[in-house]
Structure formats: structure tokens, C-alpha cells
Participant: 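A single structure is presented below for examination.
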Amino acid sequence: MWNKNRITDLLGIEYPIFQGPFGGGLSTVELTTTVSKLGGLGGYGAYTLSPQEIYDADQQIKSITDKPYNLNLWVNDHDIIDQEHTENQYKKAVEIFKPYYDSLSIEVPPLPPSFESRFQNQLQVIFDIKPKVFSFMFGLLDPEIIERLKSQGTVVVGNATTVDEAIALENIGVDVIAASGFESGGHRPSFLEKAELSTTGTFALIQLVKDKVKTPLVAAGGIANGRGIAAAMTLGAEAVQIGTAFLATEESGALPIHKEFLFSEAAKSTTLSRAYTGRLGRGITTEITRKLLTATDQTLPFPLQTTFIASMRKAALEQKKHELVFFWSGQIAPILKHKTASTLMRSLIEESNELMG
């Protein structure tokens with residue numbers, strides 16, 4: 001049976017289908033619970049939330065379903081070096097982005113205030129609420145933290161974009177490794193090398209990692225139907241994580257115009273860019289990502305670039321100048337069909353049953 005393996009047994013789920021845990025307000029209680037109730041693993045990205053907001057979201061999810069779900073945080077939640085570096089990057093960003101602000105008839109914003117890491121406070125909530133599944137990105141946790149999480153009954157999932165990252169995650173004792181190929185939409189969660197140097201495709205990455213680690217693997221990136229699931233599992237994955245296809249559903253927190261773009265001709269072209277957040281991420285190609293394709297040193301450090309861009313994004317949406325908005329998307333978007341999470345999940349299960357039995 002394709003849907004019975006180490007991961008489904010460990011997590012207590014019926015189908016080895018993970019919903020990508022989107023950050024930045026794109027995750028919703030409705031999406032997470034819909035996927036979990038249908039036998040998959042719903043995901044909730046919480047890296048932008050306060051500890052109280054994480055607690056509240058967890059309570060809402062648990063009031064709707066007792067099925068497992070994945071709560072996701074970022075270990076390294078900023079790239080700020082020091083004030084002098086930030087000020088120098090701000091000057092470069094102003095130079096590059098001023099024409100776009102001018103085209104929207106708005107002022108270039110001042111240098112955003114600095115950012116203090118919130119991860120340690122967020123992590124304390126994980127110990128308090130004891131979720132069934134906790135996943136982390138952009139770094140490693142102390143093995144003692146991993147052991148403490150596991151001792152409270154939490155299954156721990158780490159995210160890797162290279163073989164070396166997967167080996168590092170296995171060495172600290174994670175239960176499951178999500179191997180994220182460069183086809184994926186959203187941020188690249190690389191942590192040992194620059195993200196630009198960590199761009200292996202999903203199906204190559206699964207085979208390379210499978211050869212080096214014994215930890216169960218989740219394939220993430222370029223998967224949106226049963227054929228993708230069958231291919232990933234044939235190559236050694238024991239589960240898949242699907243992001244863009246769930247992001248496009250009614251239940252996600254993405255804006256209606258974002259979902260419209262995911263089903264449009266524009267989704268045929270995606271770009272990896274630092275232009276919109278300061279970290280490398282994949283979204284639908286825009287005028288800005290074309291111009292800044294190689295200009296990796298002309299943005300503010302994450303997440304200050306997100307703050308810097310916020311007023312431009314808001315104005316561009318209001319003025320319907322969508323060429324200036326970056327809509328997260330993976331490369332698989334052109335084959336998307338389903339607009340609700342329930343129909344997508346049922347289709348994934350049916351197609352996988354037909355192909356793998």
C-alpha cells in the first residue's frame with residue numbers, strides 16, 4: 001500500500017500528503033484542518049506570529065479537528081548583520097526601487113526599524129502546546145531541544161535543500177527530513193550555503209539524499225498531482241509536501257488576485273529572487289525580478305526588505321499594477337486544476353490509488 005509507511009505510522013495519518021506550511025498570513029485554520037480531516041497532514045506556518053497568536057491558532061485548529069497537523073517555525077528569522085551594513089544596503093535599495101515608487105506616485109519609505117529574533121519565545125510555545133508535528137526551517141536546533149520535543153510526543157521535521165543539510169539534520173536527531181527542490185514556490189530554506197548555491201531539483205535531491213541518510217524523506221517541490229506523488233515515492237520519498245496547489249485553493253490566505261495569477265498564463269514563468277523579501281524565493285516573474293535577477297546585493301537584509309517593499313506592494317495592488325507585485329508560486333502552477341482543498345485532496349488520493357494501488 002502506497003499510503004502505509006514509516007511516516008504515516010509515525011505521524012498517525014492516513015495518507016503521506018503534507019500541505020505546505022505557508023508563512024506571512026497565507027496559512028489558515030480552514031486550510032490546515034481541511035487537509036488533516038481528509039487524512040493528510042495540514043500545515044500552519046507561524047514564523048511571523050507572536051507566541052500568543054501561535055497559541056490561539058493552535059487552539060482554533062484543535063477545536064475543529066483532533067487529527068495531527070504540522071506547526072512550522074524558522075530557526076534563523078533574520079539576516080541582519082549590523083546597523084552600518086543595513087544602512088549601506090538601504091542606500092542601494094533606494095537607488096534601485098525609487099523608479100517603481102515614482103511610477104506609483106508614492107514616497108520611498110524610510111529605513112525600517114531593526115528586527116529582534118522572536119524564535120526563542122515562539123519555541124517556548126511549542127513546548128507548552130505540544131503539537132503532534134513540529135517542523136523547522138533555515139537552520140539547525142540543538143540536539144537537546146530535539147530530544148526534549150520528541151520526549152513530549154512531538155514528531156520533529158527538518159527542512160533541507162542539499163545533501164549536506166540533510167546529513168546535518170539526521171545528525172541532530174530529527175524524525176523526518178523534508179527535501180525541498182528548487183522548483184518549490186516561496187522561500188528557499190537553505191542554511192549551510194547561500195541559497196543561490198543550493199538549487200538542486202526535487203527528484204535529483206531525493207535520490208541523492210536517500211543514498212546518504214536513513215531518516216524518512218518528504219519530497220517537496222514540483223508536485224501537484226498523483227503522478228508527482230508516484231514519481232517521488234518511486235525515487236525513495238515516503239511522503240510528499242504540496243505547496244502551490246494548496247496555496248491556490250479557496251481555503252488559503254492568499255489574496256484573490258494571487259490565486260487568479262496562479263491559474264493564469266503568467267504562472268508559466270517563475271523566478272528565484274531576493275527582491276521582495278531579502279531572501280531567495282520563487283514567485284511569478286515580474287518586471288522587478290527580471291531587472292534584479294543577478295542583483296543579490298541591492299536589497300535590505302530579511303525581513304527588512306519585506307517592510308521596505310510593503311507600501312509599494314499595497315499601492316501596486318490598489319492601482320492594479322500587478323507587474324510590480326511578487327506572487328509566490330512554484331514551477332508546477334501551470335497544471336493546477338482544483339480550487340478547493342477538499343477536491344484537491346480527494347484528487348491526489350484517487351490518482352495515487354490508481355497509479356500505486
Participant: Does the ring of Phe182 carry Arg188 above it, NZ/CZ under 6.0 angstrom from centre and within 45° of its axis?
Facilitator: no
Participant: Around atom OH of Tyr55, are there more than 12 heavy atoms of other residues, nucleotides or ligands at under 6.0 Å?
Facilitator: no
Participant: Do side-chain atoms of Lys321 reach the backbone of Ser103 as a donor and acceptor pair under 3.5 angstrom?
Facilitator: yes
Participant: Are side-chain N/O atoms of Ser273 and Thr289 paired as donor and acceptor at under 3.5 Å?
Facilitator: no
Participant: Is it true that the NZ or CZ of Arg313 lies under 6.0 Å from the centre of Tyr276's six-membered ring and within 45 degrees of the ring axis?
Facilitator: no
Participant: Are Lys268 and Glu265 ion-paired here, with the side-chain N under 4.0 Å from a carboxylate O?
Facilitator: yes
Participant: Any chance the rings of His258 and Trp328 have centres within less than 6.0 Å?
Facilitator: no
Participant: Any idea which heavy atoms bring Ala224 and Leu336 closest together, and the distance?
Facilitator: CB-CD2, 4.0 Å
Participant: Are any of the side-chain nitrogens in Glu95 or Lys91 under 4.0 Å away from the carboxylate oxygens of its partner?
Facilitator: no
Participant: Quick one: does Asp164's side chain have a donor or acceptor within less than 3.5 Å of a partner on Ile167's backbone?
Facilitator: no
Participant: How long is the gap from OG1 on Thr34 to CE on Met345, to the nearest 0.5 Å?
Facilitator: 10.0 Å
Participant: From Asn225 CG over to Leu348 CG, what is the distance, rounded to the nearest 0.5 angstrom?
Facilitator: 7.5 Å
Participant: Would you name the heavy atoms of Thr32 and Gly43 that are closest together and state the gap between them?
Facilitator: OG1-O, 3.0 Å
Participant: Do you know which two heavy atoms are closest between Ala316 and Leu324, and how far apart they sit?
Facilitator: CB-CB, 4.0 Å
Participant: Report yes if the side chains of Thr299 and Phe308 come closer than 4.5 Å at any heavy-atom pair, otherwise no.
Facilitator: no
Participant: Show the nearest heavy-atom pair for residues Ile223 and Gly228, with the distance to one decimal.
Facilitator: CG2-C, 3.8 Å
Participant: We want to know whether Gln152 and Thr154 form a side-chain donor-acceptor pair, criterion being a heavy-atom distance below 3.5 angstrom.
Facilitator: yes
Participant: How far apart are the closest heavy atoms of Tyr44 and Thr28, and which atoms are they?
Facilitator: CE1-C, 3.7 Å
Participant: State whether a side-chain donor-acceptor pair under 3.5 Å links Glu183 with Thr202.
Facilitator: yes
Participant: Just by distance, do the side chain of Gln122 and the backbone of Tyr47 share a donor-acceptor pair under 3.5 Å?
Facilitator: yes
Participant: Please examine the side chains of Ile13 and Lys67, heavy atoms only from C-beta on, and report whether any two atoms are closer than 4.5 Å.
Facilitator: no
Participant: Any chance the side chains of Glu87 and Gln83 put a donor and an acceptor closer than 3.5 Å?
Facilitator: yes
Participant: State whether a side-chain donor-acceptor pair under 3.5 Å links Ser135 with Asn70.
Facilitator: yes
Participant: Shortest non-hydrogen contact from Glu170 to Val174?
Facilitator: N-CG2, 4.4 Å
Participant: Does Pro51 offer a backbone N or O that forms a donor-acceptor pair with the side chain of Asn121 under 3.5 Å?
Facilitator: no
